[in-house]
Amino acid sequence: MSETTGARVLIVDDDAASRRLLDVRLRALECEVSQAGNGHEALAAVQRQAPSLMLLDVEMPGMDGFELLRTLRGAGVFPSWS
């Protein structure tokens, strides 16, 4: 059993090919993987299933990865780093 077994990972990327590649790699590490194609989908996904790790694309149309992280921190989902 590896340290990643059972980790809940949310992949947030507007590029479907990138999401698929990461999904395959993470499932090989026995992670539970979910995907979102943009920041708004990611907000809904976080409410459904709190991930233990999120991989965020920083350049997405609409809500980019930085804005998504600020929104999640503002909602108290992730603490701010000092």
Taking Leu53's backbone N and O only, do any of them form a donor-acceptor pair with Arg8's side chain (distance below 3.5 Å, no angle check)? no

Considering all heavy atoms of both residues, which atom of Ala36 and which atom of Ala42 are nearest to each other, and what is their separation? CB-N, 3.5 Å

Between CG on residue Asp15 and CD on residue Glu59, distance to nearest 0.5 Å: 12.0 Å

Rounded to the nearest 0.5 Å, the CD atom of Glu32 sits from the OG atom of Ser52 at a distance of 8.0 Å

Take Leu29 and Arg25 through the test side chain to side chain contact (heavy atoms under 4.5 Å, CB included) and record every step on the way to the result. CA-CA 7 Å; Leu29 295 171; Arg25 301 278 188 209; 5.9 Å; no

Any donor-acceptor pair under 3.5 Å linking the side chain of Asp57 with the backbone of Met60? no

Apply salt bridge (charged side-chain N to carboxylate O under 4.0 Å, His left out) to Asp23 and list each qualifying residue two or more places apart in sequence or on a separate chain. Arg27

Applying the side-chain contact (heavy atoms from CB on, under 4.5 Å) criterion to Val12, which one of Val58, Leu69, Leu56, Asn38 satisfies it? Leu56

So, do Ser34 and Val9 sit near enough that their side-chain heavy atoms are less than 4.5 Å apart? no

Say you draw a straight line from CD of Glu41 to CG of Leu43; how long is it, rounded to the nearest 0.5 Å? 10.5 Å

Going from CG on Leu10 to CD on Gln49, what distance comes out if it is rounded to the nearest 0.5 angstrom? 8.5 Å

Taking side chain as C-beta onward, heavy atoms only, is Asp13 less than 4.5 Å from Leu55? no

When you compare the side chain of Val33 with that of Leu22, does any pair of heavy atoms fall below 4.5 Å? no

Is a side-chain N or O of Glu67 found less than 3.5 angstrom from the main chain of Met63, in a donor-acceptor match? no

So CZ of Arg19 and CD1 of Ile11: to nearest 0.5 Å the spacing works out to 8.5 Å

Restricting to non-hydrogen atoms, name the atom on Leu68 and the atom on Gly39 that form the minimum distance, rounded to 0.1 Å. CD1-O, 3.7 Å

